[in-house]
Amino acid sequence: MSRDHLPSAERSADSAEAPYLELLARGATADAYEQPVLLARAEGLPAERVAALEQAKLLALRVRTEIEGRRRREAELSALFETAHDLAGLRDLDAVLQAIVQRARSLLGTDVAYLSLNDAVRGDTHMRVTEGSVAARFQQLRLGMGEGLGGLVAQTARPYVTDDYFKDERFQHTRTIDAGVRDEGLVAILGVPLMIGPQVIGVLFAADRRARVFEREQIALLGSFAALAAAAIDTANALAETRSALDRLGRANEIIRDRSGVIERASDVHDRLAELVLRGGGVHDVAAAVSEVLDGTVEFAEPGDTPASAVEAARSDGHAVRHGDDWVAAVAAGGELLGALVLRGHPGLDPVDQRTLERAAMVTSLLLLARRSASEAEQRVRGELLDDLLDARDRDPRLLRERAARLRADLDGPHVVLAARLDATAADADQEAAARRRLWSAASHLATTRHGLAAARDGGTVLLLPLAPGDTVTTLARRTAKQLGTAVHEAVTVGASAPVDRLAARPEVVASAYAEGQRCLEALRLLGRAGDGAAAEDFGFLGLLLAGDRDISGFVDRTIGGVVAYDERRGTDLLSTLDAYFASGMSPARTKDCLHVHVNTVAQRLERVGRLLGDDWQSPARALEIQLALRLHRLSSDTAR
């Protein structure tokens, strides 16, 4: 269907998106998104245009929020990655701790970030590192256990947050602490514990000089930095203990050589792990490197493949634990268990080698997170290429082929465009959005394994899959519906286009094929075949009309165009009367019950229909055509909405 034949509401919605696409492209502020609506109202544009702009604004703001969220998550992962790399090559503890508070302050966007450490001798906690602080008294504060927000965190080993420090009575205020906080001008404060196993060794803070509500993701991010800081302190303490032991055993040459060998192995594995992180190695590369250094067999185990008691003990304690003749180190990120590193048949493990295994588990968790991020990025790239093909924005065949080749896709071979949609109705908007995300994720995975493309579109998902030799469009559509339905545990309906090829040279055919797939999808739903897959060739005469090269609008206009035009001009309801008449077996009495009107009203409407369509409109042949045209008109109206 050409753009000139689109309904005016659809053309208005299409043009309304243009200013917001420009705002998204140049990264405008949220305030700028109000301007198109304000200008439209100021110019006195029709209410339909203003409503379309309002809808486009909301959609664009959601896209902007999603983009900013992804950028923020990428920045957070990058900062954690860089901090872990600093930790792998730890030489100066103060420098690493300073880097942690700097990155925490930057990512959370706070005025101040600082870190305190517990003093076991004096029984209190004191400032160790600050970033953004301007008050000398604040930088020299010491907090007794249970005093102030930080003292409470150190005492209870739980995160605490306040959006207004001086109005919060949940913790003990003291004159000294309040004076220091007042000097610094702090209002909102978030504190998370630094823990080595079950022991709290200090507190990491982020604070603002204005009232602020810290979100759950920000609390979790600060907790991740706290875990890295605790690991840095633990490593520094371990190295200090090792150096002290070497000094005490300086006269025992055999022990010195043994201890030196352990340290060399630890240094070697640290260097290897750092190199693996930098060159993007995998979890099995980490296991192989640690196996060689520890002179044993180290394996990565998925969650559930290792005794739950051992993994949970390692996870809660923060250290590798012995399980029979094996050692188990949990691989976790935040609250998510990703697996475990298992050292087989090595019951006698040196403490430094134990920490080496633990460090390897931490690096493994970072590599798994990076791999997950890379997978999500590839899915986005596949979706962007398919979006470009559907919108025909990039018509350079060479560039299209190069982009597809990087994704192991061949645009010159035969492909099928499939429109997929969930059939279950969600209870609320959040559940519906979650169901659509599951469908998109399953479709992206299927497209990746089949060397195709997938993108979220029009409330569902569109896929571009290669057509294998000997396969048919119908078989592919049904198999896709079954695979997606199994993956999301809900019925998924799939409409398929006829095969298309040479897409790099003819990107415009992708949009036409997608429209054909959508028509087949809607036909399946209208025919009560939800959860099935089909192509135009499966619908007989209806399929000929659904195919991309058939004039559906012309058929509808020739058959019932006079009734459609009459309803539009007069505001009558003849189309609904025709639907009810045929659904009631062409019985006026049953039709009036269906429409809840008087039988004379039905007779008058049918008389008007006869004058518009001709005296033979109720003959079997004409009645069949009219019923088909009614269904196609309803199908095209539903698709337009």
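- Taking each heavy atom of Gly452 and Pro466 in turn, the nearest pair found is CA-CD, 4.2 Å.
- Nearest heavy-atom pair across Ala320 and Ala329 is CB-CB, 4.0 Å.
- Note on ring orientation: taking the six-membered ring where Trp is involved, the planes of Phe138 and Tyr114 are perpendicular (angle over 60°, cut-offs 30° and 60°).
- Looking at every heavy atom in both residues, Val153 comes nearest to Arg158 through CG1-O, 3.4 Å.
- Side-chain atoms of Leu108 and Leu190, non-hydrogen and from C-beta on, do get closer than 4.5 Å to each other.
- Taking both residues in full, the closest heavy atoms of Val112 and Gly132 are given as CG2-O, 3.7 Å, listed atom of the first, atom of the second, then distance.
- Taking all atoms of both residues into account, the shortest heavy-atom contact from Val101 to Ala113 is O-CB, 3.4 Å.
- Between the CG atom of Leu453 and the CG atom of Leu463 there is a distance of 9.0 Å, given to the nearest 0.5 Å.
- Taking the side chain as every heavy atom from C-beta outward, Leu439 and Arg421 never approach each other to under 4.5 Å.
- The distance from the CG atom of Asp168 to the CG atom of Leu149 is 7.5 Å, given to the nearest 0.5 Å.
- With hydrogens and angles left out, the side-chain atoms of Asp178 and His173 include a donor and acceptor closer than 3.5 Å.
- In this structure, the side chain of Ser444 engages the main chain of Trp440 through a donor-acceptor pair within 3.5 Å.
- Remark: side-chain polar atoms of Asp208 are paired, donor with acceptor, to backbone N or O of Asp111 under 3.5 angstrom.
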- Task: For His126 and Leu117, run side chain to side chain contact (heavy atoms under 4.5 Å, CB included): C-alpha distance rounded to whole Å, both residues' side-chain angles, the deciding distance at 0.1 Å, then the answer.
- Result: CA-CA 6 Å; His126 63 94; Leu117 293 181; 4.2 Å; yes
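- At distances below 3.5 Å, not a single donor-acceptor pair connects side-chain atoms of His323 with backbone N or O atoms of Val321.
- In this structure, the side chains of Leu186 and Tyr165 stay at 4.5 Å or more apart for every pair of heavy atoms.
- For Phe214 and Tyr160, the gap between ring centers reaches or exceeds 6.0 Å.
- Within the model, atoms CG of Leu476 and CG of Leu418 stand 5.0 Å from one another, a figure rounded to the nearest 0.5 Å.
- Put simply, the side chain of Leu341 does not reach to within 4.5 Å of the side chain of Glu299, judged on heavy atoms.
- Side chains of Arg479 and Leu465 form no contact here, defined as non-hydrogen atoms less than 4.5 Å apart.
- Taken to the nearest 0.5 Å, the OG1 atom of Thr156 stands 10.5 Å off from the CE atom of Met145.
- Panel note: side chain Asn118, backbone Ala154; no donor-acceptor pair is recorded below 3.5 Å.
- If you check the side chains of Glu147 and Thr174, you find no donor sitting under 3.5 Å from an acceptor.
- Checked by atom type and distance alone, the side chain of Thr493 pairs as donor or acceptor with a backbone atom of Gly531 at under 3.5 Å.
- Interatomic distance, Leu143 CG to Met127 CE, rounded to the nearest 0.5 Å: 6.5 Å.
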- Task: For side chain to side chain contact (heavy atoms under 4.5 Å, CB included), just list the numbers for Val492 and Gln483, CA-CA rounded to whole Å, side-chain angles, deciding distance to a tenth of an Å, and then say yes or no.
- Result: CA-CA 9 Å; Val492 178; Gln483 290 172 333; over 6 Å; no
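- The structure places CZ of Arg212 at 4.5 Å from CD of Gln218, a figure rounded to the nearest 0.5 Å.
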- Give the intermediate values and the outcome of side chain to side chain contact (heavy atoms under 4.5 Å, CB included) for residues Asp94 and Arg128. CA-CA 9 Å; Asp94 286 336; Arg128 175 65 181 269; 2.5 Å; yes
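- Closest approach of Thr125 and Ser116 over heavy atoms only: OG1-OG, 3.1 Å.
- Heavy-atom neighbours of Arg170 CZ from other residues, nucleotides or ligands within 6.0 Å: above the threshold of 12.
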